Amino acid sequence: MALVPDLDYGTPASQAGEQVTLTVDGRAVTVPAGTSIMRAGMEAGVEIPKLCATDMLDAFGSCRVCLVEIEGRAGTPASCTTPVAAGMVVHTKTERLDRIRRGVMELYVSDHPSGWDEQRGTGASEFDRMARTVGLTQNRYGTDGRNHVAPGDGSLNIDYIARDESNPYFTYDPSQCIVCSRCVRACEEVQGTFALTVEGRGFDSRIAAGMSDSFLYSECVSCGACVQACPTDALREKTVLEKGMPERAVVTTCGYCGVGCSFRVEMKGDEVVRMVPSKDGKANHGHSCVKGRFAWGYTTHKDRILNPMVRDRITDPWREVSWDEAFAHIAGEFRRIQHQYGRSAIGGITSSRCTNEETYLVQKLVRQGFGNNNVDTCARVCHSPTGYGLKTTFGTSAGTQDFDSVEQTDVMIVIGANPTDAHPVFASRMKKRLREGARLIVIDPRRTELVRSAHIAADYHLPLRPGTNVAMLTALGHVIVEEGLYDEAFIRERCDWDAFQDWAEFVMQPENSPEAVAGATGVPAELVRGAARLYATGGNGAIYYGLGVTEHSQGSTAVMAIANLAMATGNIGKPGVGVNPLRGQNNVQGSCDMGSFPHELPGYRHISDPGVRGIYEKVWGVRLDEEPGLRINNMLDAAVEDTFKGLYVQGEDILQSDPDTHHVAAGLAAMECVVVHDLFLNETANYAHVFLPGSTFLEKDGTFINAERRINMVRKVVEPKAGYADWETTQLLARAMGFDWTYTHPSQIMDEIAATTPTFAGVSYDLLEREGSVQWPCNEKAPLGTPVMHVDGFVRGKGRFIRTEYVATDERTGPRFPLLLTTGRILSQYNVGAQTRRTDNVVWHGEDRLEIHPHDAEQRGVRDGDWVRLQSRAGATTLRALVTERVAPGVVYTTFHHPDTQANVVTTDFSDWATNCPEYKVTAVQVSPSNGPSDWQEEYNEQARASRRIAGRLEAAE
Amino acid sequence: MSHDEDVAAGKRKLVYMANQIARFFASMPREEQVEGVARHINDFWEPRMRRHFFEIVEAGGEGLSPLVMEAASHIRRPPPPEPLPAAAQAQ
């Protein structure tokens with residue numbers, strides 16, 4: 001397959017309904033009113049030359065290459081900025097136009113050498129192609145002008161600016177730049193960071209990052225939008241410069257966060273040259289972030305383990321074995337353990353990093369093969385309260401909207417989410433809508449970037465104390481009811497009216513007023529009242545939330561409180577509104593949909609329902625256990641009690657990511673056969689007896705489901721390095737345990753899912769190939785999927801209001817632990833960092849830092865950059881301080897991307913009352929100056945180093 | 001920690017969890033409270049946890065909130081532990 005770039009229509013599509021017919025070079029074409037002549041030409045199959053125009057950006061009209069002639073009009077207007085009109089007759093190729101275009105291009109080349117190395121992927125830029133297209137053959141002005149030109153003979157021009165190689169992934173070569181400002185506009189319009197600018201005037205004009213900083217030290221977030229936008233070689237991926245231009249492309253889905261961006265993986269031979277966001281991607285529409293766009297180097301990192309390994313004791317070095325030996329060992333051990341300790345003494349953990357098909361197989365292995373329901377997934381520690389809360393109130397465990405819905409939102413509430421770091425591509429779309437005038441309420445202990453950044457300012461920031469979400473949300477409800485701001489017609493028609501009245505009575509209790517809760521939340525009542533009025537009366541209101549809502553002892557209650565607010569204000573069931581959980585992992589929605597929880601089969605159907613069990617019993621040919629199985633934390637509890645002994649963990653690092661590391665370690669150490677199936681020897685593998693090498697998202701076919709319920713295709717780009725895609729590995733393990741699984745392609749697994757799960761009944765790979773992607777429910781009633789849910793009625797029938805009484809967490813500050821620690825993520829790193837730490841993204845974030853307010857820092861004699869000891873009731877660790885006002889006094893914050901920090905040594909084992917989702921977001925701590933790593937960290941590192949030894953191999957230097 | 005201490009710690013955790021659940025349902029209308037607690041535990045607690053739960057209840061329910069105690073009669077008894085294949089063979 002040849003490299004076919006995404007078509008560029010030159011200007012964005014017009015959303016107008018009215019259609020206009022015109023003629024371009026003799027071809028009649030009908031387009032929406034407001035379309036540019038350039039775009040209409042492309043629709044008609046006539047490509048008008050252009051340099052400063054691209055359909056990701058608004059028309060600019062600076063390059064003067066796209067000129068056309070229009071019958072009856074004087075002159076040669078730019079086709080990018082001239083809208084179509086009915087009956088217009090346009091000519092794009094005339095002698096006069098050719099002459100002008102050649103003249104313009106000649107001026108360009110006089111000041112900008114074309115290409116900088118034919119061998120290294122140039123001569124392939126849009127600029128070079130345009131020079132050929134317009135028939136440029138001469139340069140009468142020479143190449144020795146003093147501006148911009150790198151002479152290439154070793155001498156330097158007076159104005160020459162050296163290449164900026166500071167960004168690890170792309171190079172900026174000012175001498176190649178034609179100052180079309182596409183990069184500047186991409187940074188503004190698409191990404192919304194405003195890091196780039198044109199400095200100087202006329203011939204002195206240069207593109208600069210920040211205040212003439214290097215790209216790395218500027219505000220640039222390395223999203224790649226500028227590199228994509230650049231029509232020359234001025235901004236170019238380093239991999240292209242090293243390996244040359246790609247030759248073919250495969251469209252697939254990013255393996256990082258829950259936004260689920262579509263990417264073109266561009267290849268040369270069998271090697272990935274670059275990943276470029278796909279414009280057809282319905283989640284990202286051609287945009288990306290530094291992780292998806294650039295941080296794929298881990299897929300070929302030397303740390304990847306490519307052979308199965310076994311050891312008898314976790315203190316032994318690993319022994320490399322054949323796949324067959326590994327499977328035989330696991331099957332033998334698991335059967336022995338069940339024989340000795342009982343059927344329920346083993347279990348499995350599915351991965352939100354793996355495909356739906358792989359997840360489905362792991363839960364099938366547990367239910368069919370192990371004969372119990374001891375299966376859980378990492379959603380336990382992030383969004384399980386979303387599932388519980390939304391199912392209780394609305395009837396289904398998922399967000400209500402698609403991402404495009406934000407374009408019609410008038411008021412956004414962002415609570416417990418930091419989308420510019422954790423969901424950057426969607427954050428860019430939020431910012432775009434905010435710049436268009438949407439209003440914003442941020443409820444977060446930290447002053448996140450959305451609160452105030454370039455051309456964005458929240459109307460309200462409610463900086464509440466960690467752990468008081470429910471009090472805050474209920475107080476918002478109080479104001480809505482007290483001031484009569486609820487949507488009575490909507491509630492009467494769509495919701496349970498009695499339940500509403502009960503809720504209204506509850507929120508009106510005096511202790512739920514903003515004034516009464518101010519003591520707990522620390523937020524002045526007037527701010528809360530203002531925010532409530534804005535949300536209830538500001539037009540389409542949408543609530544976006546993240547783990548700052550769910551990871552609390554009242555996580556499920558907070559989700560229900562959010563659902564109450566949306567129902568009370570009628571903000572459900574149409575575009576622009578809704579309850580939108582921002583999912584963390586690429587496939588956390590899918591892993592939940594696929595029956596990864598111990599109490600439910602695929603499609604959120606409880607295991608105690610004999611009808612549902614019957615469906616699977618028929619297909620799988622076994623009797624299913626009707627009792628709910630063990631959750632991750634129950635497995636660890638049972639392990640220390642000696643009743644749980646064997647675990648198959650696919651693609652999750654529970655030791656690093658789950659709370660109370662000491663308890664996790666004790667649980668794992670008590671097991672007799674821990675099987676880790678992963679790319680790397682992660683922290684959990686320190687306690688494993690068998691290691692099965694995993695495959696990356698580039699090495700398999702399958703599907704991921706993103707935060708908007710969108711089922712996206714994952715396509716195999718390269719062969720699995722270790723020999724098997726993860727679904728094949730699970731299948732071989734099932735076969736070793738005596739089950740006759742015979743899938744030859746993941747599409748057959750999806751067919752089984754569709755045949756057994758009503759919300760997926762219409763899904764097939766054929767449909768996904770045809771449509772690109774669909775959002776579940778996808779069945780007879782919605783053959784092409786469901787962008788917005790609950791349109792004519794709630795899935796459960798009538799929407800249900802629930803009382804949400806605030807219960808303070810038992811994790812309290814006191815004299816010994818006076819500060820509250822909350823945790824989060826940063827843009828360049830991803831969760832436990834297993835992937836991103838193995839890429840150049842470490843240049844942005846090489847270690848976890850403790851954010852602390854200057855006041856708290858001064859009291860403790862802590863300066864910026866000092867080592868500090870962070871101690872809680874559960875444990876202690878050390879890391880370096882970052883003194884900043886982003887956190888309020890009394891609150892400290894850190895990320896958990898680095899295993900050296902082991903932030904979860906500090907977090908407690910308090911958890912959500914309904915789902916046991918851990919309370920990561922609130923830990924009472926003390927901070928004190930320190931000399932360096934704690935004893936625990938040093939012991940841990942020594943244990944980790946020892947447990948990673950592989951027999952017959954020299955120890956790898958980290 | 002010895003094995004017995006681990007089991008005791010596990011039981012303390014169960015008491016805490018049951019009370020947490022009761023604390024949520026306590027704000028519901030009276031008729032939904034008992035049923036809510038029982039249903040939640042029936043839906044989400046695996047047999048081992050319910051077995052420990054009833055051991056606690058039968059030992060007097062130390063630490064359990066009155067609402068949990070009231071709900072106990074609506075909570076499904078876990079199936080008896082299956083005979084271990086290994087133990088059966090040994091006999």
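Below, chains carry the letters A, B, ... as their sequence lines are ordered, and counting in each starts from 1. Owing to the predicted nature of the structure, the values given are computational and were not obtained by experimental measurement.
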Sort Ala345(A) into side chain, backbone, both or neither according to what part of it lies under 4.5 angstrom from a heavy atom of chain B. neither

Need one label for Ser556(A): side chain, backbone, both or neither, based on atoms under 4.5 Å from any heavy atom in chain B. neither

On a heavy-atom basis, which atom in Glu627(A) and which in Pro79(B) lie closest, and how many Å separate them? OE2-CD, 3.3 Å

Does Arg803(A) reach the main-chain N or O of Met28(B) with its side chain, forming a donor-acceptor pair under 3.5 Å? no

Hey, are the side chains of Asp637(A) and Met49(B) touching, using non-hydrogen atoms and a 4.5 Å cut-off? no

What is the minimum heavy-atom distance between Ala914(A) and His40(B), and which atoms define it? O-NE2, 3.1 Å

Shortest non-hydrogen contact from Pro47(B) toward Pro628(A): CD-O, 3.5 Å

Is Asp502(A) in contact with chain B via its backbone, its side chain, both, or neither, using a 4.5 Å heavy-atom distance? side chain

Can you tell me if CD on Glu31(B) sees more than 12 non-hydrogen neighbours from other groups inside 6.0 Å? yes

Just by distance, no angles: are the side chains of His599(A) and Glu46(B) close enough, under 3.5 Å, to form a donor-acceptor pair? no

Using heavy-atom distances under 4.5 Å, tell me whether Arg631(A) contacts chain B through its side chain, its backbone, both, or neither. side chain

If one checks every heavy atom of Asn42(B) against chain A at 4.5 Å, the contacting part turns out to be backbone

Show the nearest heavy-atom pair for residues Thr557(A) and Phe24(B), with the distance to one decimal. OG1-CD1, 3.7 Å

Rounded to the nearest 0.5 Å, the CG atom of Asp43(B) sits from the CD1 atom of Ile607(A) at a distance of 12.0 Å

Under the 3.5 angstrom rule, does the side chain of Gln20(B) hit a backbone N or O of Ser911(A) as a donor-acceptor pair? yes

Once you measure the plane-to-plane angle for Trp913(A) and Phe25(B), does it fall in the parallel (<30°), tilted (30-60°) or perpendicular (>60°) bin? perpendicular

SB check Lys13(B) Asp909(A) (cutoff 4.0 Å): yes

Any side-chain heavy-atom pair of Phe44(B) and Tyr388(A) under 4.5 Å: yes

CG of Asp912(A) to CE of Met17(B), rounded to nearest 0.5 Å, is 10.0 Å

